[in-house]
Amino acid sequence: MTGTRVPEKPTLDGLEDRWAAAWDQQGSYTFDRTKTRDQVFSIDTPPPTVSGSLHVGHVFSYTHTDCMARYKRMRGYEVFYPMGWDDNGLPTERRVQNFYGVRCDPSLPYDPDFSPPATPDAKQQVAISRRNFIELCEQLTVEDEVVFEQLWRRLGLSIDWSQTYQTIGANSQMVSQLAFLRNLKRGEAYQAEAPTLWDVTFRTAVAQAELEDRERPGAYHRIGFPTTLDPSTKVFIETTRPELLAACVALVAHPDDERYQPLFGTTVTSPIFGVEVPVVAHQLADPEKGSGIAMICTFGDLTDVIWWRELQLPTRPIIGWDGRILPETPEWITTSEAKAHYEHIAGATSHTAKERVVALLNQSGDIVGEPREIMHQVKFFEKGDKPLEIVTTRQWYISNGGRDPELRAELVKRGSEIRWHPAHMKVRYENWVEGLNGDWLISRQRFFGVPIPLWYRLDSEGNPIYSEIMMPEEADLPIDPSTDTPAGFDPQSRNQPGGFMADPDVMDTWATSSLTPQIAGGWERDPDLWARVSPVDVRPQAHEIIRTWLFSTVVRSHLEDNRLPFLNAAISGWILDPDRKKMSKSKGNVVTPMGLLDEYSADAVRYWAASGRPGTDTAFDVGQMKIGRRLAIKLLNASKFVLGLDATQNDAAISEDVDKALLAQLAKTVEQATTAFEDFNYARALEVAESFFWNFTDDYVELVKVRAYSETDVAGAASAKAALATTLDALLKLFAPFLPFVTEEVWSWWQEGTIHRSPWPSSEAILALAGNGDAAMVADVSEALSQIRKSKSDAKVSMRAVIESAVISASEDQNKRLQLAAKDLSSAGSIQSLTFAAGANIEVSVVLAAATE
RNA sequence: GGGCGCAUAGCUCAGUUGGCUAGAGCGCCGCCCUUACAAGGCGGAUGUCGGGGGUUCGAGUCCCUCUGCGCCCA
């Protein structure tokens, strides 16, 4: 019988659409939630940023994860493989503003009947409430998510499409807010006044990623500070920002600087403002810069912030959110003369204040010489025109060990509990955690994002009392404090004296992303699911976000559950373009994946991706895709041939030594691939499978072809067919994680069900069939066969040309093995008379038969 | 300035606790219409394993050092 359905002309065309649809229909990858935690392999899939553009970098790392998922599924695990979309944050905010012609005004009430303007006008954006804005974000990102999903399906990712989430979705908001409230109740979240990079034009905090340095002219002013011990002695500092003199909290010099060592621990008095400040030592003070001793102000630049923080200095801000000198005279300025000086600059822009302070210093004789003009780098918001100020604002923080050595040690320990792939990535985690010097700032002065779910009571003058926090009930989450009302208050009392106000901020996107295991796994929403999938088995991610995504996830899980969020971290590398630059949208060197899938097939593109070793940056290389395509086609043809021999059963006795040897080799291959996969080294698993496969088709199949066709050598033919069937079965399975389409196609020719739920091959079972087979024979036979071919190639004759006589000389062991294959070697090489002789290595000498026309 | 990684054939890369003459594919050259595959097959040539030093019977592999490149942090 032939139970096979082998097509006449196998092709890769159309496989992707056909099998993607079949898997979807059959629910091949649907998570079976009756399985218990020990039967489950769960994946904390990275949610890609839904920004409307796709590139091959996406394909690369997601393929790695899918190969692992498919392997584990074949190992019998029920794989929990969800998909998330990262549509939270600024990129989406900007796109929505431009696309719909709207802007977010959190003070506005929610309008359930709102619809965006028919013809968006970027210059006259319609102001809408935060909830309306978020709804538009969701609408727009859904379109992008459809495009991503099509790509993922086409690529063959074995995702359970019933398990999806959006980082701005209601569930993500609920999880983010709930986790935050738990942190707050346990004392892990707190608010504090802290210095923030601030754009005075836009009146917004600016993130590190939005900074740019610009060269600007400046001038050093040399200013004398009388020492307290002897007011006739002055210490001279040089500063480019004399307007901040009233904000001076200390002078600082390098600890090794002998000029200033006697002053450490003493105090000096600021000129014109008469404030006594200490002289301190810090490594970052540069003896070569200016006079070698600097004025620390709160805050002139980022170094001031570091000094202020590390030296525990007081906070004396004088610049307001509008960039002007604060109107009220600060409490640390006490003498009437100093107060008069301050009043002279109060309310001025920093530019005007600088002129006035310099004038006052000139009058008092505390400035020396002319200003020395320089060019220096100044930090700007990338879209701003004025230099950034550093202002102190009230922000929310979560403890991450940055200020607590005990917690830090616990988090370092957590990092060492994670199994890292590759192992050296652990060091990056440790370096980061050990180098932390502050807690995690999670509040952002943005519109789009998960709102901080709090309100504050307002005093009788309408000023917020930040110590009187009002939290929502957990059951009411998610909430938007800008439209929802705290318990016990009338909506009318919003922003009224004696009433309440919403916290205006949203959370950092990492505050949500740090909870992806909880979001996807049903934490607090579906405790039964959560128990079956957590802690997650593997977190796949890129190396540059170990310090952000990975670390913050560990922090949340440690604080909430006192355990790891995931057991393994699989770190992927980047895609580099052929010039070895990181591929990114801004460089314009991005290759879009759909065209590649069309040209080379999904299996071929996956082959390229899977060749990239874990954690290693990999060059974009269509050459690898061509090889992958060739491999997939070869798999079709070789399978067609094997099945065409009716080699579909492996229950016949495997009697021939060559066949046993092949199976011994196969068992070894399976074992190596399995070991590699267990170590998350999918690339190695592919390599060993591929290496075996080419040897199988090039040599073994050629060798046993004649015997397998034989009608006289019944036992020999049966043995060959059984070995072929066994090998084909195992090979398809070894390749299934990498080439899901072509292996499924071939599987369907002769087997029932999906290959992707069939059991991973067992090296023990294959070894049992191999009996006393000697794997070393495979290489010897290949070598002999290769030399027989070479002799024909050298003689420029067809491979079918008849060899009259051949002598193989080889070592005793090799000869022993080769003689067992003599029959097959003779038929494969068309050798009429084959004899063996003693020698060192395998050498074949032949006498070709006279050509017969 | 600190940390991590990389450097092997013209190209892209393997090379596992040190072990026979360092491998694969692409590309290149030659041959073969061969009854699974000519969009294929078979065969061939190609190396100062970045430089220098050390440990060892033996080093691409371990140690030191230098150079170049990448990333993260300061």
Side-chain angles (χ1 to χ4, degrees), chain A residues 6-13 208 283-284 286 302-303 306 420 422-437 542-548 551 571 573-574 576 578-582 599-601 604 607-608 611-613 615-645 647 672 675-676 679 681 683-684 686-688 690-691 694-699 701-702 705-706 708-709 724 728 746 782 785-801 828-830 840-841:
Chain A
V6 185
E8 200 55 34
K9 187 81 183 165
T11 170
L12 298 179
D13 297 340
Q208 197 80 31
Q283 307 277 352
L284 284 178
D286 183 356
L302 290 171
T303 318
I306 296 168
W420 297 84
H424 67 79
M425 291 295 177
K426 184 175 88 166
V427 180
R428 298 191 182 209
Y429 175 94
E430 287 173 351
N431 287 348
W432 175 253
V433 180
E434 283 162 1
L436 286 170
N437 52 24
H543 50 67
E544 85 279 14
I545 52 174
I546 288 173
R547 65 173 216 283
T548 49
F551 175 61
I571 309 295
W574 281 334
L576 307 176
D579 297 330
R580 307 208 64 77
K581 296 284 186 306
K582 185 191 173 186
E599 185 170 359
Y600 299 104
S601 84
Y607 172 89
W608 158 74
S611 312
R613 308 185 84 75
T616 307
D617 294 346
T618 301
F620 173 73
D621 184 7
V622 292
Q624 284 293 109
M625 296 178 199
K626 289 179 186 166
I627 299 164
R629 183 174 175 83
R630 196 172 64 121
L631 173 64
I633 291 171
K634 188 81 173 177
L635 211 45
L636 288 175
N637 286 319
S639 301
K640 180 189 169 200
F641 176 70
V642 169
L643 296 176
L645 288 168
Q672 285 171 350
T675 304
D679 194 31
N681 195 343
R684 176 85 181 142
L686 173 58
E687 190 186 310
V688 297
E690 191 187 6
S691 164
W694 285 108
N695 185 253
F696 169 70
T697 58
D698 291 351
D699 296 340
V701 171
E702 294 300 322
K705 228 178 207 177
V706 175
Y709 275 125
L724 286 166
L728 181 63
V746 173
S782 290
L785 196 57
S786 170
Q787 291 204 29
I788 292 164
R789 286 172 180 148
K790 179 167 158 45
S791 64
K792 294 185 185 180
S793 187
D794 289 347
K796 301 187 180 185
V797 296
S798 156
M799 288 297 144
R800 282 200 303 175
S830 306
N841 291 308

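Each chain gets a letter, A, B and so on, in the order the sequences are listed, and its residues count up from 1.
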Nearest-nucleotide pick for A:Arg629, side chain only, options being B:A38, B:A36, B:A39:
B:A39
Quote, to the nearest angstrom, the P distance that separates B:C31 from B:C37.
24 Å
So what does the secondary structure string of RNA chain B come out as, 5' to 3', with Watson-Crick or wobble pairs under 3.5 angstrom, [ ] for crossing and | for pairs with another strand?
(((((((..((((.....[...)))).(((((.......))))).....(((((..]....)))))))))))).
Looking only at B:C4, B:G41, B:G30, the nucleotide nearest the A:His424 side chain is B:C4
Whichever of A:Val797 and A:His543 has the more 5' nearest nucleotide on RNA chain B, that residue is A:Val797
Could you give the CD-to-C1' distance, from A:Glu544 to B:G3, as a whole number of Å?
16 Å
If you measure from the P atom in B:U8 to the same atom in B:A45, how many Å do you get, rounded?
23 Å
Euclidean distance, atom CD of residue A:Glu702 to atom P of B:C32 [Å, nearest integer]:
18 Å
Any side-chain to backbone donor/acceptor pair from A:Thr618 onto A:Thr616? Under 3.5 Å, distance only.
yes
For B:G41 and A:Lys634 - does any side-chain N or O of the residue sit under 4.0 Å from the phosphate oxygens OP1/OP2?
yes
For atom P, what is the distance between B:U55 and B:C63, given to the nearest Å?
15 Å
Can you check the distance between B:A14 and B:G25, where both ends of the measurement are the C1' atom (answer in whole Å)?
10 Å
Parallel, tilted or perpendicular: which describes the rings of A:Tyr429 and A:Trp420, with under 30° parallel and over 60° perpendicular?
tilted
Look at the side chain of A:Val701 and decide which nucleotide, out of B:A36, B:G30, B:C26, has an atom nearest to it.
B:A36
Quick check for you: to the nearest 0.5 Å, what is the distance between A:Gln672 atom CD and A:Ser691 atom OG?
8.5 Å
Under 4.0 Å between a side-chain N or O of A:Arg428 and OP1 or OP2 of B:C72?
no
Residues two or more places apart in sequence or in another chain: which of them pass side chain to side chain contact (heavy atoms under 4.5 Å, CB included) with A:Val701?
A:Phe641, A:Phe696, A:Leu724
With a 4.5 Å limit on heavy-atom distance, are the side chains of A:Arg547 and A:Arg428 in contact?
no
Name the closest nucleotide to the A:Val427 side chain, picking from B:C42, B:A36, B:G3.
B:G3
Report yes if the side chains of A:Met799 and A:Ser830 come closer than 4.5 Å at any heavy-atom pair, otherwise no.
no
Report which part of the nucleic acid A:Gln624 touches: base, sugar-phosphate, or nothing (heavy-atom distance under 4.0 Å, all strands).
nothing
Side chain of A:Ala638 - closest among B:A36, B:G25, B:C73:
B:A36
Between A:Lys626 and A:Asp621, is there a salt bridge with N-O shorter than 4.0 Å?
no
In residues 785-793 of chain A, which ones come under 4.0 Å of RNA chain B, going by heavy atoms?
A:Ser786, A:Arg789, A:Lys790, A:Ser793
Rounded to whole Å, how long is the line connecting atom CD1 of A:Ile571 with atom C1' of B:C6?
18 Å
Mind calculating the distance between CG (A:Asn431) and P (B:A74) to the nearest angstrom?
12 Å
Check whether any side-chain heavy atom of A:Tyr607 lies under 4.5 Å from a side-chain heavy atom of A:Leu631, and answer yes or no.
yes
Say we look at B:G60 and B:G19: how far apart would their C1' atoms be, to the nearest angstrom?
13 Å
Compare the minimum distances between each of B:A36, B:A38, B:A14 and the side chain of A:Lys705, then state the nucleotide with the smallest one.
B:A36
Could you work out the separation of B:G30 and B:G54 based on their C1' atoms and round it to a whole Å?
46 Å
In the structure I gave you, are the side-chain heavy atoms of A:His543 and A:Ile546 within less than 4.5 Å of one another anywhere?
yes
What integer distance in Å separates A:Leu724:CG from B:A36:C1'?
12 Å
For B:C26 and A:Tyr607 - does any side-chain N or O of the residue sit under 4.0 Å from the phosphate oxygens OP1/OP2?
no
Between P of B:A36 and CE of A:Met799, the distance in whole Å
17 Å
Phosphate OP1/OP2 of B:G3: any A:Arg547 side-chain N/O under 4.0 Å:
no
For B:A22 and B:A9, measure between their P atoms and round to the nearest Å.
14 Å
Starting at atom CG of A:Leu636, determine the distance to atom P of B:G40, rounded to an integer number of angstrom.
14 Å
Minimum heavy-atom distance A:Val746-A:Leu635, with the two atoms named
CG2-O, 4.3 Å
Please report the distance separating the C1' of B:C49 from the corresponding atom of B:A24, rounded so that it comes out in whole Å.
16 Å
Base B:A14 to side chain A:Glu690, donor-acceptor N/O within 3.5 Å cut-off:
no
Taking CZ from A:Arg800 and P from B:C31, how many angstroms apart are they, rounded to a whole number?
19 Å
Closest-nucleotide 5' rank along RNA chain B - winner of A:Trp694 and A:Thr616:
A:Thr616
In terms of heavy-atom contacts, A:Gly573 and A:Asp617 come closest through CA-OD1, 3.4 Å
How far apart are the closest heavy atoms of A:Ile571 and A:Pro422, and which atoms are they?
O-CD, 3.9 Å
